[in-house]
Amino acid sequence: MRNDSPWSMATESSAVAVAGDANSTEPWSARVRALTRLGRHRESLALLRHGDPSPPPHALALPASVISCAALSLPSSVAQIHALGAKRGLLPAADAYLLSALLTAYSRLGSLRLAHQLLDEMPLESTPHTTLRTAFNSVISGCALHALPVACFALFHRMRAAAVRFDAVTLLALVPAAPLSVVPQVHALAARVGFATETSVANCLISTYARGGAFGAALARRVFDEMPLASRDLVSWNAVLSAHAQNGLAVDALDLYRRMRSPEGGGVEPDAVTIVGVLSSAAHLGALGVGFDVEHYVRQRLPGFRTNVQLCNALINFHARCGSLPRAQQLFDEMPRKSIVSWTALLTGHGMHGNGDVAVSLFERMVSEGIRPDNVAMVGLLSACSHAGLYDEGRKYFSTMESVYKLRPTLEHYTCMVDLLGRAGRLEEARELISSMPMPADGAVWGALLGACKIHKNVEVGEEAFANVVELEPRNAGYYVLMSNIYTDTGQLDNVARVRAMMRERGLKKEPGCSYVEHKGRVHLFMADDHSHPQARRIYELVIRLELMVKEKSSGVRESEVAAAKGRMEKAAAQPLVGIHSEKLAVAFGLLNTEAGSEIVVIKNLRVCGDCHSFLKVVSATTNRAFLVRDASRFHRFDGGVCSCKDYW
DNA sequence: GTAGGGTTAG
């Protein structure tokens with residue numbers, strides 16, 4: 001995307017005027033500079049070489065030419081102009097602009113030794129202070145660009161030792177180069193000289209802090225909150241929004257989006273970067289309404305969006321993760337240029353829907369188009385194989401990671417494989433894979449094995465997995481619940497009590513399950529046994545009626561059970577009932593409030609349990625409705641009495 | 001007339 005900030009527009013339009021046509025009356029050197037500024041580097045150099053300058057090559061054109069050489073990666077041309085400048089006595093310090101341009105060019109091209117040499121040749125005493133500052137800034141920026149943080153800080157110390165004052169530009173290079181633990185110190189230094197609230201520096205601090213997880217996001221937020229309102233620009237909002245989006249704080253990201261657009265936030269118009277962050281959070285949460293609104297905005301206001309690869313990728317990811325694969329596919333097909341992210345987003349979406357074969361063929365097509373898969377694409381592919389039970393394919397692709405694609409499997413790939421093997425019932429093979437890992441297994445890997453043991457009711461392997469996972473993630477209640485359920489399923493009730501006691505002693509509570517449905521632009525959220533919804537009475541009556549119907553249908557239920565269920569129904573409005581999971585409530589709400597024929601979409605934070613799963617299958621048949629449920633690991637589409645997961649999840 | 005800030009997939 002073009003940079004559309006006001007000042008760049010202004011300089012750009014004047015550059016356009018000057019570059020103008022070849023007959024322009026503007027001085028020749030001004031046209032060279034203008035062409036460089038417009039990024040028309042080849043034309044700029046052609047004018048320098050073949051134009052008819054009178055007087056001959058001019059000090060005023062040389063700095064721009066050097067920048068053009070750097071942009072075109074022509075180090076020998078930089079050296080030629082360098083030599084020319086030296087011959088004319090413009091160096092080492094007579095022409096600050098040429099010096100600065102050379103420093104920038106060498107730094108950008110990675111000729112940092114040459115840049116240092118040039119810097120060392122500058123006479124500290126006789127060179128104007130601003131020239132020195134710019135010179136240091138150029139080389140510090142170059143070291144930052146080439147990921148040489150130690151060199152950045154060494155230069156910074158030299159700069160300070162020489163009593164050269166740093167400015168905002170120095171900080172813009174230094175802050176992102178600093179190790180995360182050092183950023184607060186640089187921040188404090190910036191604050192001491194009053195730069196920390198300057199727009200560019202604050203924006204830079206925000207995006208740098210954003211790399212530091214949820215804690216970093218909190219620091220980023222503080223920088224943003226401390227900025228004077230007048231200093232906040234669109235980039236500030238984008239940076240702080242992304243800081244939250246990237247660190248799993250999706251609710252806060254969407255909240256920031258609402259705030260920036262509200263009058264209180266200044267009614268800031270979002271751009272493509274904002275939208276990318278918002279869509280990522282909306283996809284995460286399953287916030288369908290937000291995603292659709294934002295897409296509408298994109299189609300109305302950003303007509304060129306199809307050529308913005310990141311924006312299209314964000315849209316594809318949103319639709320793929322929120323239940324609309326055809327829309328994701330259409331966006332994918334309409335992109336003139338795709339990246340590996342586009343393929344991965346679509347592939348992962350198919351994997352989540354259980355379309356393992358589609359994911360595999362997308363992967364093959366991607367490879368045949370010359371895109372080399374990366375680790376993320378492989379995670380998507382392996383998890384697609386796992387969800388679809390494609391045991392042989394999964395093993396094959398896992399082994400090609402190193403042999404064909406030179407990718408070293410990470411913990412995430414091992415997690416996928418343990419999941420794949422474990423769910424296919426190959427618990428021993430999964431165990432062997434864990435012991436063959438070149439790095440220690442983490443909680444997710446052991447957790448995948450534990451989950452497989454739940455499916456296959458294997459106490460022995462389950463206990464081993466549990467012992468390991470509890471060591472690694474002692475505060476994750478989900479694993480205790482899994483182990484306790486394995487004991488329940490195998491009738492070991494004393495062990496169930498033991499695991500529950502462990503949870504109590506450690507003060508752990510199971511994460512409450514919640515599901516939501518969006519209807520007419522509003523989110524309707526349900527927790528298990530939650531009566532707070534205005535329609536709670538009707539919803540519970542419907543669930544209980546459906547439960548009864550399911551029971552009658554499945555097993556020819558006994559009289560006593562019918563009576564008990566009727567008793568429950570009578571009490572429904574009066575007092576909370578036990579044991580109605582949130583997805584049943586959400587689906588019942590959908591049935592009561594939507595038209596026949598439309599699909600009911602439910603987003604859930606935990607995985608669907610076996611009971612709810614068979615309930616929803618039967619209800620989809622008897623009500624002749626389709627339910628699309630996104631749970632913590634994948635999609636289930638219930639329609640006509642069957643689920644798209646084929647009961648493999 | 002030099003130096004420069006924000007974005008995606010699991």
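Order of the sequence lines sets the chain letters (A, B, ...), proteins ahead of strands, with each chain counted from 1. Heavy-atom basis, side chains included; hydrogens, waters and symmetry copies ignored.
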Enquirer: OP1 or OP2 of B/dA9 versus the side-chain N and O atoms of A/S280: is any pair under 4.0 Å?
Expert: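 A/S280 to B/dA9 OP1/OP2: side-chain N or O found under 4.0 Å.
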Enquirer: Over all strands shown, is A/T130 touching base, sugar-phosphate only, or nothing at heavy-atom distances under 4.0 angstrom?
Expert: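 A/T130: no heavy atom of the nucleic acid under 4.0 Å.
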Enquirer: Measure from the side chain of A/V273, starting at C-beta and using heavy atoms only, and say which of B/dG6, B/dT2, B/dG4 lies closest.
Expert: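 Ranking B/dG6, B/dT2, B/dG4 by closest atom to the A/V273 side chain puts B/dG6 first.
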Enquirer: Quick check for you: among B/dG5, B/dA9, B/dG10, whose closest atom lies nearest to any side-chain atom of A/R321?
Expert: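 The listed nucleotide nearest to A/R321's side chain is B/dG10.
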Enquirer: Could you walk me through whether A/R301 and A/E269 pass salt bridge (Lys or Arg N to Asp or Glu O under 4.0 Å), step by step?
Expert: CA-CA 10 Å; A/R301 308 290 289 275; A/E269 278 296 308; 3.4 Å; yes
Enquirer: Let's see if you can work this out: which of B/dT8, B/dG10, B/dA3 has an atom nearest to the side-chain heavy atoms of A/S242?
Expert: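 Closest of the options to the side chain of A/S242: B/dT8.
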Enquirer: List in numerical order all residues of residues 309-318 of chain A for which some heavy atom is under 4.0 Å away from an atom belonging to DNA chain B.
Expert: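 Here the set is A/Q310, A/N313, A/N317.
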Enquirer: If you look at every strand shown and take non-hydrogen atoms under 4.0 Å, does A/T134 touch a base, only sugar-phosphate, or nothing?
Expert: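 Touches a base.
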Enquirer: Could you tabulate the donor-acceptor pairs under 3.5 Å formed by side-chain atoms of residues 273-284 of chain A, not counting sequence neighbours?
Expert:
residue, atom, partner, partner atom, Å
A/T274, OG1, A/N238, OD1, 2.5
A/T274, OG1, A/D271, N, 3.0
A/T274, OG1, A/D271, O, 3.4
A/T274, OG1, A/D271, OD1, 2.9
A/S281, OG, A/G277, O, 3.4

Enquirer: Are the charged groups of A/R259 and A/D252 less than 4.0 angstrom apart, N to O?
Expert: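 Here A/R259 does not pair with A/D252 in a salt bridge, since their nearest N and O are not under 4.0 Å apart.
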Enquirer: Sequence neighbours excluded and cut-off under 3.5 Å, please list the side-chain donor-acceptor pairs for residues 204-213 of chain A, or say none.
Expert:
residue, atom, partner, partner atom, Å
A/S207, OG, A/N203, O, 3.2
A/S207, OG, A/C204, O, 3.2
A/T208, OG1, A/C204, O, 2.8
A/Y209, OH, A/H187, ND1, 2.9
A/R211, NH2, A/P176, O, 3.0

Enquirer: Any side-chain N or O of A/R108 below 4.0 angstrom from OP1/OP2 of B/dG4?
Expert: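 It does, given that an N or O in the side chain of A/R108 lies less than 4.0 Å from OP1 or OP2 of B/dG4.
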